[in-house]
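Being a predicted model, the structure only gives us computed values, none of them experimental.
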Amino acid sequence: MKIFKILAVSAMALGLTSCVTKKQYEALSSNYKQCIENIGERQREIQDLKSQNSALSGENNLLKSQHDALKSSLDACLSNTGKSSANIDKLVGEINASNSYIKQLISNNAKNDSLNMALSNKLKRSLDNVGDEDVQVKVLKGVVMISLSDKMLYKTGDYNVLPAAQEVLGKVAKVINDYDKYSVLIEGNTDNAPLNSANLPRDNWDLSALRGTSIAKVLQTQFGVDPARITAGGRSEYNPKATNMSVSGRAENRRTEIIIMPKLDEFMKLMDIAPKK
């Protein structure tokens, strides 16, 4: 209302331009323009407040709807108190059984991790004089992995184990024999360079598998590793560690891995202690 009074006064002032000086006229004209701008701003503010009010009304309706739904759920829960208590007791019992199982798993995993670290450290000490690029020992996902380069073990494209590799394999075999409760998995790996031959090995599948079994035979026949503990095979070019686009990458992919891990029956024991449903 105050704004309109100002406008009325301003209009009157404009109508009386003949009664005022030019300076007074200009001041009144400037005041009039300012009033017009203020009216525009107030109208925009009013529109913004209307939009906010509409949004808040929508939120309020949603909250009322959620409140009604929660009240209905609460009423249903209260009406089934006896049944719910029985379900809760059962759930608590299952949780306690699961906690016991988890603690047992953690204990077994901690024991297994400690054994793996001790085994890994022993292997590293035994192979301390072998170049790092030829032998790598890692503890990975609960197993001990020994990666041996192909240049140390075989001639190019061949699977017969070189005499120079006997010393390294002998040291590995000694540790394997010391940890006689563990299984041994031997995997041959190649790069992706094609190998086509009428004789064995005919391709990379043959080459990787024959290399794996060659190492297994050396560990068995020359170093007394129980063959019942050994599984041997090949993965051809399909388990690369690096890109085959470079010479160094292909060299890294050409390897034989000896994986020392808990026997399958140890995992089955864990299954036996699982909480019964």
To the nearest 0.5 Å, what is the distance between [atom1] ([X]) and [atom2] ([Y])?
| X | Y | atom1 | atom2 | answer |
| --- | --- | --- | --- | --- |
| Ile259 | Lys138 | CD1 | NZ | 12.5 Å |
| Phe223 | Lys171 | CZ | NZ | 11.0 Å |
| Thr231 | Leu185 | OG1 | CG | 6.0 Å |
| Gln166 | Gln222 | CD | CD | 4.0 Å |
| Asp158 | Leu210 | CG | CG | 9.5 Å |
| Asp206 | Asn204 | CG | CG | 9.0 Å |

With sequence neighbours excluded, what pairs up with Tyr238 under the ring pair (Phe, Tyr, Trp, His ring centres under 6.0 Å) test?
Trp205

Side chain to side chain donor-acceptor pair (under 3.5 Å), that's the test. Do Asn189 and Asn253 meet it? Break it down for me.
CA-CA 7 Å; Asn189 294 270; Asn253 292 334; over 6 Å; no

Given 3.5 Å as the limit, does a donor-acceptor pair link the side chain of Arg229 with the main chain of Ile176, or not?
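The answer is yes, because a donor-acceptor pair under 3.5 Å joins these two groups.
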
Quick one: does Asn239's side chain have a donor or acceptor within less than 3.5 Å of a partner on Arg235's backbone?
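Such a contact is absent between Asn239 side chain and Arg235 backbone.
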
Indicate the atoms forming the closest heavy-atom contact of Asn177 with Gly224, along with that distance.
OD1-O, 3.7 Å

To check you understand the geometry: which heavy-atom pair defines the closest contact between Ser236 and Ser208, and what is its length?
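Nearest pair, atom of Ser236 first, then Ser208: N-OG, 2.9 Å.
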
Is the shortest distance from a Lys or Arg side-chain nitrogen in Arg250 or Glu252 to a carboxylate oxygen in the other one below 4.0 Å?
no

Find out whether [X] and [Y] are in side-chain contact, i.e. whether some heavy atom of one side chain is under 4.5 Å from a heavy atom of the other.
| X | Y | result |
| --- | --- | --- |
| Asp226 | Asp180 | no |
| Leu195 | Pro201 | yes |
| Asp203 | Leu207 | no |

Is it true that Val135 and Val218 fall in one hydrophobic cluster, defined by side-chain heavy atoms closer than 4.5 Å?
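In one cluster with Val135: Val218, yes.
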
Hphob cluster co-occupancy, Tyr159 + Leu169, side-chain heavy atoms under 4.5 angstrom
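Looking at the clustering, Leu169 is in a separate group from Tyr159.
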
For residues 144-157, run the donor-acceptor check on the side chains, cut-off 3.5 Å, and write out each pair with its distance to 0.1 Å, sequence neighbours left out.
unit_1	atom_1	unit_2	atom_2	d
Ser149	OG	Asp134	OD1	3.0
Asp150	OD2	Arg254	NE	3.3
Tyr154	OH	Arg211	O	3.4
Tyr154	OH	Thr256	OG1	2.7

